[in-house]
Every structure is written in C-alpha cells, then in structure tokens.
Number of protein chains: 2
Amino acid sequence: MSKQIPTLAQVAKIAGVSQMTASRALNDRPGVSRETRDEVLRIAADIGYVVNRSAQKLSGGRNGIIGIITPMLDNQFASELILGVGRAARAVGYETLVYTVFDEDRDAHRSLLGLLPQFADGVVAILPRESAWFDTLAAAHVPVVLIDQRGSLTNFPSISVDSYGGACLAVEHLAELGHRRIAFISGDETIEGVRDRRRAYSDTLGRLGLPQDPNLVVAGDLSQMRAFEAASDLLCLAEPPTAIFAANDLSAFGVIAAVREAGLRVPDDVSVIGFDDIPMAAQVHPALTTVRQPFQQMARAAVNTLLASIAGTEAPAARITLPAELVVRASAGPVSDARKKATGRSPKAVREVRKQA
Amino acid sequence: MSKQIPTLAQVAKIAGVSQMTASRALNDRPGVSRETRDEVLRIAADIGYVVNRSAQKLSGGRNGIIGIITPMLDNQFASELILGVGRAARAVGYETLVYTVFDEDRDAHRSLLGLLPQFADGVVAILPRESAWFDTLAAAHVPVVLIDQRGSLTNFPSISVDSYGGACLAVEHLAELGHRRIAFISGDETIEGVRDRRRAYSDTLGRLGLPQDPNLVVAGDLSQMRAFEAASDLLCLAEPPTAIFAANDLSAFGVIAAVREAGLRVPDDVSVIGFDDIPMAAQVHPALTTVRQPFQQMARAAVNTLLASIAGTEAPAARITLPAELVVRASAGPVSDARKKATGRSPKAVREVRKQA
DNA sequence: CTGAAAGCGCTAACAA
DNA sequence: TTGTTAGCGCTTTCAG
C-alpha cells in the first residue's frame, strides 16, 4: 500500500507549482498566496508528505531539531532535564534528539562532532564536569547552551542553578530545627555545583556559629550505595550527627537506609535533607525534604537561549542562574535528644551489627 | 583557529586523489591500494575530517547510526535498555541517537516518521504498549526491531523477555520459603509483559495448590507511590499476606516503604520480591530479591537482529525470547509466624496510624 | 585499482 | 507572487 516516501518534488508536481513555492508554503515563509499555500498544504497532508530533515540540513537551512548531549542517562538528574528540554522544544515547534556520550570513549570527540551538530540547529549540553568536549563542541560551529555548568572556562551561554544558595537554605533549615551537629555527605567534586554545596555547608555553619567538625564531612560519590556507607560511618562516631545533609537525593536515600540499618529513625533520631528533588523524593517514605532544582525552568531557559542563539547572529554569552528552592517534607524534623537517647544504640553496638551483615 | 569543517573533497584534494578513492578508503571498501588508503586515512585524521552523516544518508547509503525510539526516558527500564543498545551498537561501530515520543503528542506519528528513519539505518523501538506507532514505523521503510513486545500484532522482529517464566520463579521462591498467602501488585496491564506476570502468579499459585484470594491481587501502575498505597491496603486486610510480589522493582520499593510504615519489617514480617533488577535494586536496603531482565542481552540481541535486517534484504521476522533470572537477595525470607505475631499490629491499629499521617 | 558523472531532497540566491 | 539555477557532502553508477 505505502509506495515510496513522498518528496517535495511530488507535492510540487501534484500541486502544479515549483518546488520552491511548495517549500515556501510548507515552511510558512512569505511569498506565497493564500490559495496556493492552502492547496500545497492540503496535498502534502493528503499524500503524507514529511520533510526530509537530512536534506533540509544539508542544503544549509534549519531543520527544526535541537540536539541534547548528555553523559549516560542513568541518572535522574539528566533524565529530568532531557524530558524538560524535550517538552520546551516541542512547545515551540522543535524536535529533540538525544546523544549519549560514554565516558569510556576515547574518541568520543569525533563522534560528537560528527553527530548532533550535523543533524541539529543547536545543541543543549548537559555536561556537569569540566569537560574536554567543550573544545570539540566549539569546533563544531553550532549554537550551544550548557546546563548546570558555570561555564567559567567556556564562552558558551549557560544555565545553572544557585547550588550555593540552595544548600544554604538546607543547612539553615536544619539549624532552625535545632540541630547543631550537622553532617555533610559530599559528591564528585569535579562538578562545580557539588563543590558549591560543600562551600555553602561550611560557610553557613560558620555564619550561624555552629561547630565545624571535620569528621562530619565525608566523601560520597552521589550514589546511594556510597552514601549508605558514608552515613553508616557517621553514625558510628563517638558523637554522631543529629542531621545529615546529602549532596543529592540519591545519596539521601542511602543515608536514610543507613539510619534505619543502625536501628534509628528518620526524622525522629536523625534528620536528612537531599538535593535535586527528583520525582522519587516525593514518593519515598518518609518523603524527602530536599532542595529543588527547577528542572522545567532550566529546560525552558536553555531552549529559549538556544533559539535566540540560532536566530541571532551572535548571542551574547548569557549566564543564567536560577534559584533553588527548599522543599520541606518529612525527612527533617526538630532535634529531640530525649527520643534519641531512648532509641539509639551505642556506636560500638551499631558497628557490630553492621559487621555481621 | 578552527576554520571550516573539513569535507571529503578537501581530503581528496590534499591526498591528490578523487573523492571516490578517498571515500572508499575511509569506509574501508575494497578497490584501494594499501598505500593510497593509508595516505588518505592519515590526511583525514590530520585535518580532523569527520564524515557528514546527513550527506551520507541523503546520498542513499548507510550512515552508521541506529535510532532508538522510546516513550519518556524517566523509567529505569528504558534507561537500561538505551544504555545497553548504545554500548552494543558502539561495539560494532555504530552510533545511536535517541528519540523520545511523548504520549501527549497528537501528531507524534509525523514527527516519528520524519526523524529517526531519516537519520538512521535502522531503529530499535522500546514500545511496551500495543501502539499505533507500529503502523507509522512500518510506513517509514526502515529496518525495525522491537524490544519487550511480543509483536503479535506486527511483523517486526522482536526481542522480549520471558516474563511469565520469571514471575513463576518468583512465586515458587516465595512458596519454597514457606509463604502461603502471597499477594501480587499488578501494573499497567496494557503491557503484555505485565499481563504475563499476573498470569504466572495465578497459575503458579494454582499449580502449587496455594490459596487464591482475590483480595490479594491489587492494582498498581508500576509506580512507587501507587504500590505504597496498594501494599498499605493489603496490610490492612483481616488476614494480611506474608509475602508480596510486585510487578516491577519500583513498585517493590513502594511496598517496602509501606511495610515499614505499618510498623513491620522486611523480610522478617513481610517478604517482598520485585521484577526488573534495575541497578538500584542492589543498592537499597534490604537489597531487593527480584527477577532480572537481561538488559544487556536484550540490547545485544536487538542490535544484532537489526544489523542483520539492515544487511540482508528481508530478514525473517525473528522473535527472540530471553529467559529471566531470579536474583535472590535480602528482601524475601522464610515465613516466621512467631516473629510476625510479636511485631505485628492489628489491622485496625495499622489503619489508624496511617490515617493520622 | 581509480576516476568522472549524476543525483539523493532540499533550500539559498537570484531572476522574472 | 512565482520560477530557475545552483549546490550542500556524499555515494552510487559506470568508465577507464
């Protein structure tokens, strides 16, 4: 039944006009009479014509595609952003294509150069790390917008979140709840936003006159597993924290698991705050108090900036920073020494339990 | 510094050969002397030549790209598969591009037709639901392989997992542990694999002579939240189950949360088994006993089948079904009435606690 | 083994 | 308002 894929030439022929006229009509460009335009559109719809984006691109024009470059999509953070960019793009008539770069790739640069930039009018790059890909992207001669990267090393416009401010809110919240021994589980510090969170933690503690115990800052890697271990160690301290601030939600989940493993409860014995507000944060129990990254806003801002950059000759390298917001749910509560003493085990007992497992 | 993007013509000119010779050399085709080939390759690498895939595709050839079509990437299932296909493709010299279809789209069909098929040599479709997109895909005249879809309604080759067999393993495992009241939290039953799990649950119960209580089968939607509610209801039954089998891991997480919310423990009071074995399953506490979908194998099979389909004229519509495997971890244990009685609360008490929250 | 010609489907740039 | 010409970068013919 379906013969060939219809081409512009066919549409034009049937409509009895030139390819250019048909092209103009289909792309909503000026220079076509209403009647002709309608006729062309009707015929196109009729025979199921769909523009060939490769040809469109090759011939030097725009093709209505935004490329998204991201490392591994197995983290919720990137997923949310991809979803958001997809929606935002669609809202303005653009399609999106996602290209995943694998860290393992030695010659990823070539692939990168050879893919999205050739297919898309512009690229949204979700590259949290200081990356060598920036140079590659720059060489591709395609408008680029970075997400979650201060871009201090590049000239690309970028969209980022005020991690520092958000983290301050988290620590302040805990302080207001009466916590004085607040721990921090850090993450991969090659990510600027993560470094900011750590700085904010220290600065806020200092500003509020709370004790800064080096033992309360432990290294994580943004994974649930690692946070579990880190939190377990924290709870084994002679003087364990009453609250733990994790560098991301996944880590916070690990912390909660560790607290439970130790026979303690959240938030009764230990308060926990995360960072990101991935969808699951609201669905776990107890619902996670966390700092929200405004994914939708970021995505919209990225798309808008990119579109401007595509349209204009040279967009000024804007650096947009969006505020993060504290979302108070159930995982952080007032400190309660009484309850804590009643339920808690001694550090040694806790350690023994863990060893046996 | 970076001038223009180098083209094949430039490479050819510098090498002092024709475009065709350069093309042949770069694509590893026969008909070029070793010396010439090496020289061309050297020059190409030298000036940083990268083939333009749009042009490649447009001119009627392959372009070494596999497209992946998936609905929303916010579920771990798809993420794993995307990752797997990406790796498998890369291993054989292909790149991948991901296109996300949004359910909301009314005219997604046109977009679909207009995107991946135009850019890629073939398409891997991760479309768990019986979908109208199949027709669209068929009209695109591109090799397609389906993942996780029996494909009963289509002629596309497909890769799927033996959900039925996997679910049987889960139920049998629980039975071996001594459980007799085993509940099932279902999912979106428009997904064939999910329907299979439910059938397997019933059949196995029947086969083993265990009681089939309709109250023990509750509707979920594969989300953590919904499973939490469903499991809470189950625990409020006059005669609650001692084990709960969830249609996917996310649901299982919700179940575990619900069990804890009810003041019970996993697996001491209630055993829980999931389905999928997403990475997080191994990282939560207690580590989830679950049925593993062989994502890597599925991905590899899909890529291989697709490649065959691209190479050969008409590949026979193969239907590959991979076995699922039970992964025994910590969330399911032997039934223990004694302990259960000691810790459990009465159904009414549980319900009251929930109401107050 | 190598090269010249033609064209994939489309859109800029020019005419008319 | 419309049509014509050229060409994007590559690969398929088909000749040498």
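Just so we're clear, the structure is a prediction, and the values are computed from it rather than from any experiment. Proteins get letters first, then strands, A, B, ... in listed order; numbering begins at 1 in each.
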Quick one: pull up CD1 in A:I147 and CD in A:Q293 and give me the separation to the nearest 0.5 Å. 10.5 Å

Rounded distance [0.5 Å steps], OG in B:S158 versus CG in B:L127: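 One finds 12.0 Å between OG of B:S158 and CG of B:L127.
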
Assess whether a salt bridge exists between B:D38 and B:R42, defined as any Lys/Arg side-chain N lying under 4.0 Å from an Asp/Glu carboxylate O. no

Can you tell me how far [atom2] of [N] sits from [atom1] of [X], to the nearest Å?
X	N	atom1	atom2	answer
B:N63	D:dT12	CG	P	12 Å
B:K57	D:dC8	NZ	C1'	18 Å
B:K13	C:dA4	NZ	C1'	18 Å
A:D38	D:dT1	CG	C1'	15 Å

Taking all heavy atoms of B:S54 and all of A:Q118, pick out the closest pair and write down the distance.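 Looking at all heavy atoms of both residues, the closest pair is OG-O, 3.4 Å.
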
Heavy-atom closest pair, residues A:T96 and A:A89: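 Minimum heavy-atom separation between A:T96 and A:A89: CG2-CB, 3.6 Å.
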
I want to know whether A:F77 and A:F295 have ring centres closer than 6.0 Å. yes

Indicate whether OP1 or OP2 belonging to D:dG3 is found under 4.0 Å from a side-chain N or O atom of A:T21.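 True: A:T21 side-chain N/O within range (under 4.0 Å) of D:dG3 OP1/OP2.
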
Protein proximity profile, nucleotides 8-16 of chain C - base contact B, sugar-phosphate-only contact S, no contact -, cut-off 4.0 Å on heavy atoms: BBBBBB---

